[in-house]
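A short write-up of the structure that comes next.
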Amino acid sequence: MSARSSKAKGRRLQNYVRDMLRDAFPRLHQDDIKSQTMGMTGQDIVLSPAARLRIPYAIECKNVEKLQFWRATKQAKQNIEENQIPIIVVKRNQSEPWACMPLDHLIDLISEKNNG
(Lines give C-alpha, C1' and ligand atoms only; values in the text may rest on other atoms or scores of the structure.)
Protein backbone atom coordinates (compact mmCIF):
# COMPACT_ATOMS: atom_id res chain seq x y z
CA MET A 1 0.00 0.00 0.00
CA SER A 2 1.35 3.43 -0.90
CA ALA A 3 1.95 6.08 1.72
CA ARG A 4 -0.80 8.19 0.15
CA SER A 5 -3.44 5.45 0.35
CA SER A 6 -2.30 4.54 3.86
CA LYS A 7 -2.80 8.14 4.98
CA ALA A 8 -6.20 8.25 3.27
CA LYS A 9 -7.19 5.08 5.12
CA GLY A 10 -6.14 6.65 8.43
CA ARG A 11 -7.95 9.87 7.60
CA ARG A 12 -11.18 7.95 6.90
CA LEU A 13 -11.09 6.41 10.38
CA GLN A 14 -10.32 9.76 12.01
CA ASN A 15 -13.23 11.39 10.17
CA TYR A 16 -15.51 8.48 11.13
CA VAL A 17 -14.62 8.87 14.83
CA ARG A 18 -14.98 12.66 14.59
CA ASP A 19 -18.43 12.31 13.03
CA MET A 20 -19.56 9.78 15.63
CA LEU A 21 -18.48 12.13 18.42
CA ARG A 22 -20.24 15.08 16.77
CA ASP A 23 -23.43 12.99 16.57
CA ALA A 24 -23.05 11.91 20.21
CA PHE A 25 -22.59 15.52 21.42
CA PRO A 26 -25.03 17.61 19.35
CA ARG A 27 -24.78 20.60 21.72
CA LEU A 28 -21.15 21.09 20.78
CA HIS A 29 -20.25 23.06 17.67
CA GLN A 30 -18.72 21.25 14.69
CA ASP A 31 -15.44 23.11 15.30
CA ASP A 32 -15.29 21.71 18.85
CA ILE A 33 -14.41 18.26 17.46
CA LYS A 34 -11.96 18.11 14.57
CA SER A 35 -9.84 15.51 12.83
CA GLN A 36 -6.11 16.26 12.98
CA THR A 37 -4.37 16.86 9.67
CA MET A 38 -2.48 13.74 8.62
CA GLY A 39 1.21 13.88 9.44
CA MET A 40 0.76 16.39 12.26
CA THR A 41 1.84 15.50 15.78
CA GLY A 42 -0.57 15.28 18.67
CA GLN A 43 -3.99 13.78 19.13
CA ASP A 44 -5.84 12.44 16.10
CA ILE A 45 -9.13 13.90 17.33
CA VAL A 46 -8.67 17.52 18.32
CA LEU A 47 -11.05 18.73 21.02
CA SER A 48 -11.77 22.31 22.00
CA PRO A 49 -11.76 23.19 25.71
CA ALA A 50 -15.58 22.91 25.69
CA ALA A 51 -15.41 19.43 24.14
CA ARG A 52 -12.66 18.33 26.53
CA LEU A 53 -14.99 19.02 29.45
CA ARG A 54 -17.43 16.44 28.04
CA ILE A 55 -14.95 14.06 26.39
CA PRO A 56 -11.99 13.47 28.73
CA TYR A 57 -10.10 11.30 26.24
CA ALA A 58 -7.06 11.60 24.01
CA ILE A 59 -8.00 9.55 20.95
CA GLU A 60 -5.44 7.86 18.74
CA CYS A 61 -6.81 6.24 15.55
CA LYS A 62 -5.12 3.30 13.84
CA ASN A 63 -6.58 1.92 10.61
CA VAL A 64 -4.09 -0.88 9.90
CA GLU A 65 -4.05 -4.58 9.11
CA LYS A 66 -1.35 -5.32 11.70
CA LEU A 67 -1.49 -3.15 14.79
CA GLN A 68 1.72 -2.47 16.65
CA PHE A 69 -0.22 -2.29 19.89
CA TRP A 70 2.49 -1.26 22.35
CA ARG A 71 3.78 1.40 19.98
CA ALA A 72 0.22 2.74 19.65
CA THR A 73 -0.26 2.83 23.44
CA LYS A 74 3.03 4.71 23.84
CA GLN A 75 1.95 7.24 21.21
CA ALA A 76 -1.47 7.65 22.83
CA LYS A 77 0.10 8.23 26.26
CA GLN A 78 2.53 10.78 24.86
CA ASN A 79 -0.34 12.82 23.40
CA ILE A 80 -2.52 13.16 26.49
CA GLU A 81 -3.13 16.51 28.07
CA GLU A 82 -4.12 17.24 31.65
CA ASN A 83 -6.91 14.99 32.99
CA GLN A 84 -7.25 13.00 29.77
CA ILE A 85 -7.33 9.24 29.38
CA PRO A 86 -5.74 7.69 26.30
CA ILE A 87 -7.95 5.68 23.97
CA ILE A 88 -6.87 3.86 20.84
CA VAL A 89 -9.48 3.31 18.14
CA VAL A 90 -8.39 0.45 15.90
CA LYS A 91 -9.81 -0.83 12.64
CA ARG A 92 -8.75 -3.03 9.77
CA ASN A 93 -10.38 -3.82 6.44
CA GLN A 94 -13.81 -5.47 6.64
CA SER A 95 -13.87 -5.10 10.43
CA GLU A 96 -15.70 -2.87 12.85
CA PRO A 97 -13.71 -0.31 14.83
CA TRP A 98 -12.76 -1.15 18.41
CA ALA A 99 -11.71 1.15 21.24
CA CYS A 100 -8.96 0.23 23.70
CA MET A 101 -8.46 1.99 27.01
CA PRO A 102 -6.60 1.39 30.27
CA LEU A 103 -8.27 -1.39 32.26
CA ASP A 104 -8.53 0.68 35.44
CA HIS A 105 -10.55 3.29 33.56
CA LEU A 106 -12.89 0.65 32.14
CA ILE A 107 -13.45 -0.71 35.64
CA ASP A 108 -14.21 2.83 36.87
CA LEU A 109 -16.77 3.25 34.06
CA ILE A 110 -18.64 0.03 34.82
CA SER A 111 -18.15 -0.10 38.58
CA GLU A 112 -21.19 -0.31 40.83
CA LYS A 113 -19.42 2.23 43.03
CA ASN A 114 -19.90 4.83 40.31
CA ASN A 115 -23.15 3.62 38.81
CA GLY A 116 -25.36 2.99 41.78
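Residue numbers start at 1 and run along the sequence shown.
Arg92 is not listed as a side-chain neighbour of Val64, based on a closest heavy-atom distance of 4.5 Å or more. Within the 4.5 Å cutoff, the side chain of Gln84 has no heavy atoms near those of the Pro56 side chain. Counting heavy atoms from C-beta outward, Val17 and Val89 have side chains that approach closer than 4.5 Å.
Between Gln14 atom CD and Thr37 atom OG1 the span is 8.5 Å, to the nearest 0.5 Å. How far CD1 of Ile45 is from CD1 of Ile55: 9.5 Å, rounded to the nearest 0.5 Å. Considering CG of Asp19 and OH of Tyr16, their distance stands at 9.5 Å, rounded to 0.5 Å. Here CD1 of Ile33 is found 9.5 Å from CZ of Arg54. Values are rounded to the nearest 0.5 Å. Annotation: the span from Ile85 atom CD1 to Ile80 atom CD1 amounts to 8.5 Å, rounded to 0.5 Å. Considering CG of Leu47 and CD of Glu81, their distance stands at 8.5 Å, rounded to 0.5 Å.
With a 6.0 Å radius and a threshold of 12 heavy atoms from other residues, nucleotides or ligands, Met20 has its CE atom at or below the threshold. Counted within 6.0 Å of CZ on Arg52, heavy atoms from surrounding residues, nucleotides or ligands total more than 12; the atom is thus considered enclosed.
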Applying side chain to side chain donor-acceptor pair (under 3.5 Å) to Gln75 and Lys62, what does each step give before you reach the verdict? CA-CA 11 Å; Gln75 184 179 4; Lys62 297 291 182 190; 2.7 Å; yes
Show your working on side chain to side chain contact (heavy atoms under 4.5 Å, CB included) between Glu60 and Gln78 and close with a plain yes or no. CA-CA 10 Å; Glu60 183 66 34; Gln78 288 173 338; over 6 Å; no
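Of all non-hydrogen atoms in Gln43 and Asn79, the two that sit nearest each other are NE2-O, 2.9 Å. Pairing each heavy atom of Pro102 with each of Pro86, the nearest pair is CD-O, 3.3 Å. Heavy-atom minimum distance, Ile87 versus Tyr57: CD1-CD2, 3.2 Å.
Checking Arg12 against Asn15 by side-chain atom types alone, no donor-acceptor pair falls below 3.5 Å.
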For residues 23-32, which side-chain donor-acceptor pairs fall under 3.5 Å, sequence neighbours excluded?
from, atom 1, to, atom 2, distance (Å)
Gln30, OE1, Arg22, NH1, 3.0
Asp32, OD1, Ser48, OG, 2.7
Asp32, OD2, His29, N, 2.8

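When hydrophobic clusters are built by joining Ile, Leu, Val, Met, Phe, Trp and Tyr residues whose side-chain heavy atoms come closer than 4.5 Å, directly or via intermediates, Val46 is not grouped with Leu53. Linking Ile, Leu, Val, Met, Phe, Trp and Tyr whenever their side-chain heavy atoms come within less than 4.5 Å puts Val90 and Phe69 in one cluster.
Looking at Thr73, its side chain does come within 3.5 Å of a backbone N or O of Trp70 through a donor-acceptor pair.
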